[in-house]
Amino acid sequence: MRWSQSFLVTLREVPGDAEVVSHQLLYRAGLIHKLAAGIYSFTPFGFRSLRKMIDIVREEMDATGAMEVDLPILQPKELWVESGRWQRYVDDGILFHLEDRKGGEFALAPTAEEAVTDMVRRSVTSWRQLPFNLYQIRTKFRDEIRPRFGLLRGREFLMKDAYSFDVDEKGLDVHYRKMDAAYRRIFERCNLEYALVEADSGAIGGSASQEFMVVADTGEDALVFSDAGDYGANVEKAVTAPLPEPWAGEEPRSFGEANAPTPGITTTEGQAKHLGTTPERIVNTMIYEAVGADGKAWLAAVLIRGDLAINEVKLPKAIGALHVKLASEEILGKVTGTRPGFVGPLGLLPFEENPISLFVDRSLEHGANLWCGANLEGLHHSGVSIPRDVLSLPYFKGVVEVATAREGDPSPTGKGTLRIRRGIEVGHIFKLGTKYSEAMKCEVANQAQKMVPLTMGCYGLGLGRTVAAAIEQNHDDVGIIWPVPLAPFACVVAVLQRDAHVLEAADRLYEGLKAAGVEVFYDDRDERPGVKFKDLDLVGFPVRVVVGGKGLQRGVVEVSTRRERKAAEIAPDRVVELVKKTLAAGAKTLVTD
RNA sequence: CGGGGCGUGGCGCAGUGGUAGCGCACCUGCUUUGGGAGCAGGGGGUCGCCGGUUCGAUCCCGGCCGCCCCGACCA
């Protein structure tokens, strides 16, 4: 492909709405265009990279024995009502939905569990037809509350989604491990530094789930790792080993003998300072409105050490609720008689005739000689002992583990301490179990002639997002440094002068590389050398061949890799061989012999 | 959904109650040609949309739409 005949337009300046580096570079290199918030076009160049991503994913999926299918994006509401997801997704506002001319409602699918389960249940009747794994690579739609960062969080995006079907959990394990291995190969082929973390399975539901995260400072997710290398989790899911207890070995003092005023001081730090203690000794009491699986609302009080924060993703599961949110100050006032800052666990009033449910975070289970709010404006109780004063309360319901993991906390594996980094979620694999097959009656006869719901897994991988993540990890201050497998073209030939003999030499090199099977682009534009160098660095061709009059006089052209940007002078007849060797080695450094 | 910001040529921006300007990009010519050239000439904008105030609105006011950031939320 010659530049002079291609549709490639680079930008000198960054469009104002591009915030993160992958977005800026995709834009400047002329690979994508924004059509609306979170909706992007791929140019021919951008699409070449996306296509390579597609091919890699397809190859690795096929290699596992998974079979490609094509499921509709436009899906009838009834299917989504059947699985129970319609209301939830509409309420959350994430589902694009529309009506046909007769008033029938449809969803633009954000995932395809329903569609694939429907197809399977109509075709499969016996365990003998199992197992299998079906995947597709198709556009998905999600009306994200806040699309951002270019391809990293779009409302329309390309995703590979796979769904495995087994007769039992054991079969699911096999599929899950295969997908895990395939994902590792995919991200390794893309030259990505990635990490595996345990994740919350969120709205899709199910038991085990793992996220594949590309480590990048611009990532939207916080990841928790053990520095011993044996633990990783999304911060939403992360747990720690029990924290050191500052009160260990102390004799519990009696309750309330040193009650102290804390007038107008509502922050934990402020109170600790005022009371001459540390935040670890302050009990924070948070009142939540919880909604249970039966749709009933109730109130929960959760106690946590003052130096810790409650993880509101972990909380619902821990206390047996579906959703939680912090109670309004009005409700808070009704059950505690005070305002935030002075709430404590003792003497909490029933709410609408139902006693409040009290939970204690593990960090406080053995706590002694603590301070807590007195449920009176400006007063704290002293000498609080959790086992003595709190665990005995009639509305105490249990000890839970709901603290947010922090940098430096001990790893739950017992080895190492936790570190927090940021990452971009590029893949997510779930063990769904029978959630959808039960809801949608997708059953087969097992060997004992009993009808059983199929055991499912689902495996998502964001393709555009992975391409963007690859740029986040592979760039410098002048442009993209494509990993060879994702580069729009592996190699570029640039001609510096349009003199006949120079052009002729460049043409010959370009044709020679093409004939040798190298994916080569040819910058044959009538531009000054400086312009070309800048553009080629920006677009990020892994290997560059520069043909100029001065070099030709000495019988050489210049070859370099984008990553090193160190040129070597090479005789033209050796270029094809060296370029091929360099590309085969990943184009990190130039192979010159 | 709460808070903040922004909509002016392809991109980045300035500006004014009296018919709109700069830089980059683009076109033509000449000179140039190894890291975003110089000079000269030129084309391109219903100033997001609707309404109001005004003799007159891109500017002031109201509404709407769109976009970006922070937060909440979120496979």
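Throughout, protein chains are lettered first and strands after them, A, B, ... in sequence-line order, and every chain is numbered starting at 1. Here the structure is a predicted model, which means the values were calculated and not measured.
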message = B:C24, OP1 or OP2 - any side-chain N/O from A:Arg12 closer than 4.0 Å?
response = no
Distance-only donor-acceptor test (3.5 Å): side chain A:Arg28, base B:G36 = yes
Between B:G23 and A:Glu13, counting only base atoms on the nucleotide and side-chain atoms on the residue, is there a donor-acceptor pair under 3.5 Å? yes
Between CD of A:Gln24 and C1' of B:C11 the distance, given in whole Å, is 14 Å
Encoded 5' to 3' (Watson-Crick or G-U under 3.5 Å; [ ] crossing; | other strand), RNA chain B becomes (((((((..((((....[..)))).((((((.....)))))).....(((((..]....))))))))))))....
When rounded to the nearest 0.5 Å, the distance separating OH of A:Tyr436 from CZ of A:Arg121 is 13.5 Å
A:Lys532 and A:Asp524 have their tightest heavy-atom pair at NZ-C, 3.9 Å
A:Ile94 CD1 to B:A72 C1', in whole Å, measures 14 Å
Separation of B:G34 atom P from A:Arg528 atom CZ, nearest Å, is 7 Å
| said: Quick check: any donor-acceptor pair below 3.5 Å linking the side-chain of A:Arg544 to the base of B:G35? | reply: yes
Scan A:Gly548 against the nucleic acid and name what it touches under 4.0 Å (heavy atoms): base, sugar-phosphate only, or nothing. base
5'-most contact on RNA chain B (nearest-nucleotide basis), A:Glu144 vs A:Glu558, goes to A:Glu558
task: Using a heavy-atom cut-off of under 4.0 Å over every strand shown, decide if A:Lys34 touches base, sugar-phosphate, or nothing.
output: sugar-phosphate
In whole angstroms, the gap separating P of B:C74 from CZ of A:Phe149 amounts to 18 Å
Nearest heavy-atom contact between A:Glu472 and A:Ile424 is CG-CD1, 4.0 Å
Donor-acceptor pair (no angle test) under 3.5 Å: A:Arg153 side chain, B:C74 base
yes
| message | I'd like to know whether CG of A:Asp217 has more than 12 heavy-atom contacts from other residues, nucleotides or ligands below 6.0 angstrom. | response | no
Between A:Glu569 and A:Arg554 (salt bridge meaning N to carboxylate O under 4.0 Å), is one present in this structure? yes
inquiry  = Can you classify the ring geometry of A:Tyr183 versus A:Phe187 as parallel (below 30°), tilted (30 to 60°) or perpendicular (above 60°)?
reply    = perpendicular
Separation of B:C74 atom P from A:Leu95 atom CG, nearest Å, is 16 Å
### Message
Please give the distance between the P atoms of B:G17 and B:G12 as a whole number of Å.
### Response
26 Å
In whole angstroms, the gap separating C1' of B:G2 from CZ of A:Arg146 amounts to 12 Å
With sugar-phosphate meaning primed atoms plus P, OP1 and OP2, does A:Phe141 contact a base, only sugar-phosphate, or nothing at under 4.0 Å between heavy atoms?
nothing
From CG of A:Leu11 across to P of B:G36 the rounded distance in Å is 19 Å
Output for pair (A:His428 NE2, A:Met179 CE), nearest 0.5 Å, gives 15.0 Å
* To do: Under 4.0 Å between any heavy atoms, over every strand shown, what does A:Leu496 touch: base, sugar-phosphate, or nothing? Just pick one.
  => base
